[in-house]
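Shown next, in structure tokens, is the structure this report addresses.
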Amino acid sequence: MSDLATLAELEDQGEFIRRHIGPSEAEIAEMLRVVGAASLEELVSRTVPGPIRGADLSALPAPVNEAGALAELRAIAARNQVKRSLLGMGYHGTRTPPVILRNVLENPGWYTAYTPYQAEIAQGRLEALVNFQTMVTDLTGLPVANASLLDEGTAAAEAVTLAHGQHKGRSDVLVVADDLHPQTLAVVRVRAEPVGIRIVVAPAAGLAASVAAEKPFAVLTQYPGTEGALRDIAPEIAAAQEAGALSIVATDLLALTLLTPPGEMGADIVVGSSQRFGVPMGYGGPHAAFMAVKDALKRSLPGRLVGVSVDAMGAPAMRLALQTREQHIRREKATSNICTAQVLLAVIASMYAVWHGPEGLTRIARRVSLLAQLLAGASRFPLRHEAFFDTVAFETGAETDAVLAAALEAGFNLRRLDGAVAVALDETVTREELDALCRVLGSAPGSAKGGIPAALERRSPFLRAEVFNTHHAEHAMLRYLKRLEDKDVALNRSMIPLGSCTMKLNATAEMIPITWPGFSELHPFAPADQAEGYIALIRQLEAWLCAVTGFAAVSLQPNAGSQGEYAGLLAIRAWHHSRGEAQRDVCLIPSSAHGTNPASAVMAGMKVVVVACDRDGNVDLSDLRAKAEAHKDRLAALMVTYPSTHGVFEEAIREICAVIHERGGQVYMDGANMNAQVGLTSPAAIGADVCHLNLHKTFCIPHGGGGPGVGPVGVAAHLAPFLPNHPLLAEAGPETGVGPVSAAPFGSAAILPISYAYIRMMGAEGMRRATGVAILNANYMAARLRDHFPVLYRGAKGMVAHECILDCRGFGQGGGVLVEDIAKRLQDYGFHAPTMSWPVNGTLMVEPTESEPKAEMDRFIEAMVSIRAEIRAVEQGRADRKDNPLKNAPHTAAEVMSGDWSHPYSREEAAFPLPWVRAAKYWPPVKRVDNVHGDRNLVCTCAPLEAYAERQLQAAE
């Protein structure tokens, strides 16, 4: 070997692959012996059907190590020009407090957690979300708010859908004020058209007259308007309600610290973005939107809602409330396909409010408002409106180009209007920058001009809860964040073996670039020539994902898997319409599908027809053929998950696709289980036309406690012209696209460097090997557990895919033990439960991923075997049927240390069921949460928990 070859070997460009894939070579060999395969290749050949095997990843570059990937991304970030973008439109510069930046955004204890379905081990995140909901309700003046939505445009569209459902078909007209943010209007237009909503855009100045004439089901206004104008919207709200319509107001949280809240004016629904509460612009996302509603609408509220209930001991405990609204339950009857929240971003925004408190937020808002007034007073140009909060529009007429050019020369992006220039001030603008802006527009700053009219000034208090008035010293804030983090189980503590949710390694090297200024500080509507780095990264990532899927084109705009589904179905719908086949509106969906599938289909204007599954969990081919034939003249699409939701590679997948294509339909593949495909097969190989991917699953963007996510959609060549595009940035999609499904042109662009880094460091062989090891790990677990828990489904050759379903239904009859008891008992062992009761009620779906070391998998297996022994003790009468470790799980430290211990089993058995648990004991902070009580007594804002406990005690007495 030459010295240069030796040097190349020592540089070890494949180092990251070995660190991402948990098991060592020796451990892989040992696991292969357990599952009875001679090699990974043989295991794959017994798992993935031969006709679909093969994927061409030659377009992917050779892997680089972490240092190489970071250097490459640093060079890409440097190609972006970070100007001071004072463009507004719902995106503003903000300062992320360093204590929040380091201890939340950059902390795996927060960003690697899962959606808080297991409430007992998610009390920290849930408390932070209750803080978010309280912040929103206080500022908007409405009693109920959700735990965030994807972005402001989506929130407005969700509000429109909610209002339309409330109107029960009496009207299909939506009146929109013409000063709505343009990207919000564009998203609402896309959402409205498939479901038959007609939009009337009316002048804001005469909105009440348009409402009276149109008799709409809802009225959507912006407060302050997109150009900054402030007007009294109370008459518009009254006119809407007099016409029998709901009033929807899009607003700005920072402005509401100084303005009369829309709820106090009578608004029914208030939406907006919390981005400027400490979350960087990030070229458009991710950001936490919000929705607040009147009490009468709370059970129609889309997305997540966190409520306060009690645990088994009567102590206050938080949990996701009203979960019967979940899409996997309501399916085609759902009014929304939103199945997540922007939790990490909502936590940051809520902590921004905790850190600053009401006085600090008011001080920031007053400073921003004063900056705007000083700029207004210094300009030689007339003002378009005298009443404003932070955005001033100047009538520049023929000098518009010159003003914009001078501003750009001085380092500012300002917004072009028709014959005017708008400037949106924010908390990051310095006095020196104000001087520079004044020179661009006129002279030095002098006296203030314009501002907030006295009639619109806020007079009601807000953020009076203790949490917003306590943690203003850094020691106090640091300890508060740590206390909340310690209540939760995230990937930095133990394995989270969730089937279908793919909780794999989110490598630190992948996360580092997202806070670099070159990626975090760009406005989504900044000129494209200032975003060369982002555009290059996006185009490269699209190309790599095309290689992975086998498709011709990919859009990264959808900012969640649900939005990717919706975008894919819109592309199918638009293609049919382009061919003169608008009657094609039937979507076939297997009964095992993700619940968002039928919800997305309904949103895309399709009618859902359910296809049965056979006893092995596969699509019932005879039922599929019968229903495809019955609807062949109207067949639009089939939605199918592959590998199946039951964790197997269906042998007949190509035949399934052919049945649809022969009858004029298109095949949509849900990419939730893509972690079992990459490098081995592809959506194109199975015969699909469309698929969405979950970058927060297969491609390593962390779940963040329930968000952020990215759900890009890939399509075959004939569907490429119908991908999402955006009216404010031509680079965001095809000229003939369906319009935007997200407010920003590239959705949650700021987290795309994570997936870029993952693919760059893994390369083709690394990702192919990762898929093989993911399949091996699942089969290893299935083999080790099959003598204790029946494995419900297997493929044709006895293998599972990347996940397996453990059947727990028989324990209820034998010993009264339910699957929930097993899930809660796992918390005593320090584990998050696998996916519970989905897709089959009474089961656990386990997905170890390729990232888990064998030692961690063995600990989980040992915990499950130990739990099976506890079940057997109940079945055999050696343990009490009602008073046993399973029924009483989880066990808190306070309970175990209490002087009153009346259980027939020991404290040791309760808290330390296996020897290794003691070494790193996780103590669940609360006992099992009472979901029914929480739904019947809905509390979703942060009154002190002690006060809530007192109310419960009084009620009990």
Over all atoms of both residues, closest heavy-atom pair of [X] and [Y]:
{"X": "Y905", "Y": "H891", "result": "OH-NE2, 2.8 Å"}
{"X": "A346", "Y": "L129", "result": "CB-CD2, 3.9 Å"}
{"X": "S309", "Y": "G934", "result": "OG-N, 3.2 Å"}
{"X": "A155", "Y": "M291", "result": "O-CE, 3.4 Å"}
{"X": "P885", "Y": "E909", "result": "CG-OE2, 3.8 Å"}
{"X": "R304", "Y": "Y117", "result": "NH2-OH, 2.8 Å"}

Please check this pair: side chain of [X] against backbone of [Y], looking for a donor-acceptor N/O pair closer than 3.5 Å.
{"X": "T892", "Y": "P925", "result": "no"}
{"X": "T843", "Y": "I805", "result": "no"}
{"X": "D880", "Y": "N884", "result": "no"}
{"X": "S837", "Y": "G842", "result": "yes"}
{"X": "N694", "Y": "K697", "result": "no"}

Does any donor atom in the side chain of [X] or [Y] lie under 3.5 Å from an acceptor atom in the other side chain?
{"X": "H287", "Y": "D151", "value": "no"}
{"X": "E158", "Y": "S336", "value": "yes"}
{"X": "T502", "Y": "E847", "value": "yes"}
{"X": "E474", "Y": "W355", "value": "no"}

Gap separating the [atom1] atom of [X] from the [atom2] atom of [Y], nearest 0.5 angstrom:
{"X": "I867", "Y": "H788", "atom1": "CD1", "atom2": "NE2", "value": "12.5 Å"}
{"X": "F860", "Y": "E852", "atom1": "CZ", "atom2": "CD", "value": "10.5 Å"}
{"X": "Y111", "Y": "L491", "atom1": "OH", "atom2": "CG", "value": "10.0 Å"}
{"X": "C501", "Y": "M845", "atom1": "SG", "atom2": "CE", "value": "7.0 Å"}
{"X": "C940", "Y": "M318", "atom1": "SG", "atom2": "CE", "value": "12.5 Å"}
{"X": "T115", "Y": "I496", "atom1": "OG1", "atom2": "CD1", "value": "10.0 Å"}

(Q) Would D935 and R319 count as a salt bridge (charged side-chain N to carboxylate O under 4.0 Å, His left out) here? Give the steps. (A) CA-CA 10 Å; D935 285 347; R319 30 76 76 179; 3.0 Å; yes
message: side chain to side chain contact (heavy atoms under 4.5 Å, CB included), that's the test. Do F132 and V343 meet it? Break it down for me.
response: CA-CA 10 Å; F132 178 86; V343 173; over 6 Å; no
Any chance you could lay out the side chain to side chain contact (heavy atoms under 4.5 Å, CB included) test for L142 and V293, step after step, and finish with the verdict?
CA-CA 6 Å; L142 286 170; V293 298; 5.5 Å; no
Salt bridge (charged side-chain N to carboxylate O under 4.0 Å, His left out) assessment of D486 paired with R479 = CA-CA 10 Å; D486 284 347; R479 290 164 184 161; over 6 Å; no
Would you please test Y922 and H832 for ring-ring contact (aromatic ring centres under 6.0 Å, His included) and show each step? CA-CA 11 Å; Y922 167 77; H832 193 295; over 10 Å; no
Exercise for review: Give the C-alpha distance, both sets of side-chain angles, the deciding distance and a yes or no for side chain to side chain donor-acceptor pair (under 3.5 Å) between N107 and E485.
Suggested key: CA-CA 9 Å; N107 182 356; E485 179 193 344; 2.9 Å; yes
- Message: side chain to side chain contact (heavy atoms under 4.5 Å, CB included) for V846 and L806? Distances and angles first, verdict last.
- Response: CA-CA 8 Å; V846 183; L806 305 179; 3.8 Å; yes
_As a quick check of understanding, evaluate salt bridge (charged side-chain N to carboxylate O under 4.0 Å, His left out) for E856 and R859, giving each step before the final call._
CA-CA 5 Å; E856 183 75 353; R859 277 193 290 271; 2.5 Å; yes
Assess the residue pair W901 and E895 against the criterion (side chain to side chain contact (heavy atoms under 4.5 Å, CB included)); give the C-alpha distance rounded to whole Å, side-chain angles, the decisive distance to 0.1 Å, and a yes or no. CA-CA 8 Å; W901 183 264; E895 177 187 16; 4.1 Å; yes
After noting the C-alpha distance and the side-chain angles of E850 and K504, does the key distance pass the salt bridge (charged side-chain N to carboxylate O under 4.0 Å, His left out) rule? CA-CA 7 Å; E850 73 275 12; K504 62 201 277 181; 2.7 Å; yes
Any chance you could lay out the ring-ring contact (aromatic ring centres under 6.0 Å, His included) test for F811 and F789, step after step, and finish with the verdict? CA-CA 10 Å; F811 305 140; F789 299 85; 5.7 Å; yes
Verify whether the ring centers belonging to Y829 and F912 lie closer than 6.0 Å.
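Here the rings of F912 and Y829 have centres that are no less than 6.0 Å from each other.
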Problem - Verdict with reasoning, H20 to Y758, per ring-ring contact (aromatic ring centres under 6.0 Å, His included) - result: CA-CA 9 Å; H20 174 83; Y758 171 69; 5.1 Å; yes
ask   = Is it the case that more than 12 heavy atoms not belonging to R19 sit under 6.0 Å from its CZ atom?
value =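 Open.
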